There are 2 protein chains.
Amino acid sequence: MDDISLRVLAQLEPEGLDAEGQSWQQRKSVQTRITILEAAIDCLQQHGYGRTTTQLIAEMAGISRGAMLHHYATKQDLISSVIDYTVYKRMEVFLEGIRALKDSARIDEMAGIEISFQSMLTREFAAYLELAIAARTDPDLAEIFLPKARRFDQTELAEIIRAFPEWAENPDGYALAMDYANAALEGLVINRDIWPERDQRVLCHFVGKTIAMLRRGDLTVPA
Amino acid sequence: MDDISLRVLAQLEPEGLDAEGQSWQQRKSVQTRITILEAAIDCLQQHGYGRTTTQLIAEMAGISRGAMLHHYATKQDLISSVIDYTVYKRMEVFLEGIRALKDSARIDEMAGIEISFQSMLTREFAAYLELAIAARTDPDLAEIFLPKARRFDQTELAEIIRAFPEWAENPDGYALAMDYANAALEGLVINRDIWPERDQRVLCHFVGKTIAMLRRGDLTVPA
DNA sequence: CGGCAAAAACCGACAAGCTTGTTTGTTATT
DNA sequence: AATAACAAACAAGCTTGTCGGTTTTTGCCG
């Protein structure tokens, strides 16, 4: 990961989780917060946003609800921090993927899509997707989720263009390809529990073929 | 729509909604139930499953909660009926689409996908999708949703094979193509509020191209 | 160095509001 | 008169956020 990537990542670093050389209490606080955020991710993944209660998160984190509310005063605070945390982790994985792609596998036109798909099979993305879906019909959640999601998308786009300048020549075509890949892969992820793992890879391969065709100009955009 | 299709549709007809020549009270009851189910669909589409309360549905239907609980004793009863109702309406649209396809547009390889996509932009499908997504993380809902969803899928598959017998020669390939189309289109539908209508059509077109390639055998399945 | 007060982490109990389902009552139809 | 449609009030449970109290850590001052 180059210097610029590291700086980009640093800009997304969540607040209140960066105390490394601080006092004993500071480190304990950070540790507890991470435990809470991880429990919230598990809760979102396993029970969905609608059934993710503060009670359940505290139980899964192994602490009392009172202690949790000491670190995150309201549920909104907690969810907001969960979003920041998952965004940060996604960006970490994404930048590492980009780096690997730049180094070697760039020849293989499928590699980018497969890395995207793999990154969507993580716990963090499952939680992120639950939030994204819930935000579609929950204005209060949308208000805190959408700005952060948009910021992620913009950063992702900027980093891709920086890594693959040729895409900058055709920004509209690229945006379309990216939208298609993200949407189709999301559809695969949502339905993944009902298919065997091999089939998922095949379906992911179809997405990759479409993107490759777009890249070569073989796939014309209808009027 | 041919006789067999009509019989298939009749098998999915929801209970308690078929009183046509009955008494005045019967017809009024059916009318009220449909009002409730339509309100529930609106509620699911606008507020999502997690925020769909009996209170809100009754308000949107314009009746008291007591009256609603007279027709649907528990929320589970109501949701179960909503599933039956949306499944029936989806099958109605699907069979009509199949019929139109058999008649004329079969030459156009895109037509099938576009009809699928159009059918996913209805209120009924929005509600169905909300239920499908919620069922992934809600065991109680999954228990009543999954059997009905599976029945719809099986019926859909049987009707397609009946209309296009050539698919029966390669059932695995067809199942894969259908899974891909459904998943990718679902991904598009979930994200549709953030794209202009034209782009949606273009992205849908990409799905159609993939299916057409599969059909021609141009798209090989990786090992 | 030792003690001590402030601060922080943590816990349990409580109140207010929402959701569900029951129960009782009223009006209209059969 | 019996039944069905509809309405309103009530009880029980869950969820959130506040409040008071306990334990541990920290910093300060004699």
Side-chain angles (χ1 to χ4, degrees), chain A residues 15-19 21-37 39-40 43-44 46-82 134 137-141 144, chain B residues 15-19 21-37 39-40 43-44 46-82 134 137-141 144:
Chain A
E15 291 175 19
L17 265 58
D18 55 345
Q22 305 285 348
S23 65
W24 193 91
Q25 263 187 346
Q26 285 281 350
R27 271 173 293 151
K28 167 109 192 209
S29 173
V30 168
Q31 173 57 41
T32 302
R33 288 182 194 213
I34 289 177
T35 303
I36 293 170
L37 295 177
C43 196
L44 284 166
Q46 293 171 27
H47 303 284
Y49 180 74
R51 298 158 61 93
T52 291
T53 64
T54 56
Q55 174 71 38
L56 193 53
I57 295 172
E59 273 173 32
M60 292 176 98
I63 63 172
S64 73
R65 215 173 69 88
M68 195 176 85
L69 292 190
H70 169 72
H71 290 284
Y72 299 103
T74 68
K75 187 176 183 180
Q76 189 168 327
D77 281 348
L78 173 58
I79 295 297
S80 180
S81 291
V82 169
T137 52
D138 187 328
D140 293 337
L141 178 58
I144 58 178
Chain B
E15 291 175 19
L17 266 56
D18 54 346
Q22 306 284 349
S23 66
W24 192 91
Q25 263 188 345
Q26 284 279 352
R27 273 173 291 151
K28 168 113 192 203
S29 173
V30 168
Q31 173 57 41
T32 302
R33 287 182 194 214
I34 290 178
T35 303
I36 293 170
L37 295 177
C43 196
L44 284 167
Q46 293 169 27
H47 302 285
Y49 180 73
R51 299 158 60 95
T52 291
T53 65
T54 56
Q55 173 72 38
L56 192 53
I57 295 173
E59 273 174 31
M60 291 177 98
I63 63 171
S64 74
R65 215 172 68 89
M68 194 175 86
L69 292 188
H70 169 71
H71 291 283
Y72 299 103
T74 68
K75 186 175 183 180
Q76 190 168 325
D77 281 347
L78 173 57
I79 295 297
S80 180
S81 290
V82 169
T137 53
D138 187 327
D140 294 337
L141 177 59
I144 58 178

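Bear in mind the structure is a predicted one, so any value in this text is a computation, not a measurement.
The side-chain heavy atoms of A/Asp138 and B/Arg51, taken from C-beta on, include a pair separated by under 4.5 Å. Side-chain contact between A/Ile57 and A/Thr54: absent, with no pair of heavy atoms (C-beta onward) separated by less than 4.5 Å. Counting heavy atoms from C-beta outward, B/Ile79 and B/Tyr49 have side chains that approach closer than 4.5 Å. Looking only at side-chain heavy atoms (C-beta outward), B/Leu37 and B/Leu78 come within less than 4.5 Å of each other. Between A/Ile63 and A/Thr32 there is a side-chain heavy-atom pair separated by less than 4.5 Å.
One distance of note links CG of B/Asp140 with CD of B/Gln76; it measures 7.0 Å at 0.5 Å rounding. Interatomic distance, NE2 of B/His70 versus OG of B/Ser64, reported as 10.5 Å (0.5 Å rounding).
Following rounding to the nearest Å, B/Gln26 (CD) and D/dT3 (P) show an atom-to-atom distance of 15 Å. Following rounding to the nearest Å, A/Ile57 (CD1) and D/dG17 (C1') show an atom-to-atom distance of 15 Å. Remark: P of D/dA7 and CD of B/Gln55 are 13 Å apart, rounded to the nearest angstrom. Atom pair B/Ile36:CD1 and D/dA5:P shows a separation of 11 Å (rounding to whole Å applied).
Near DNA chain C, meaning a heavy atom under 4.0 Å away, the residues from residues 68-78 of chain A are A/His70, A/His71.
Taking the 5' to 3' direction, DNA chain C first and last meets chain A under 4.0 angstrom from a heavy atom at C/dA8 to C/dG12.
Closest contact between the side chain of B/Lys28 and the listed nucleotides D/dT25, D/dA5, D/dT16 involves D/dA5.
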- request: For side-chain contact (heavy atoms from CB on, under 4.5 Å), just list the numbers for A/Leu17 and A/Arg33, CA-CA rounded to whole Å, side-chain angles, deciding distance to a tenth of an Å, and then say yes or no.
  value: CA-CA 8 Å; A/Leu17 265 58; A/Arg33 288 182 194 213; 4.2 Å; yes
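Toward the 5' end of DNA chain D, the nearer of the two residues A/Thr53 and A/Gly66, judged by each one's closest nucleotide, is A/Thr53.
Look at B/Ser64 and you won't find any side-chain N or O under 4.0 angstrom from OP1 or OP2 of D/dC6.
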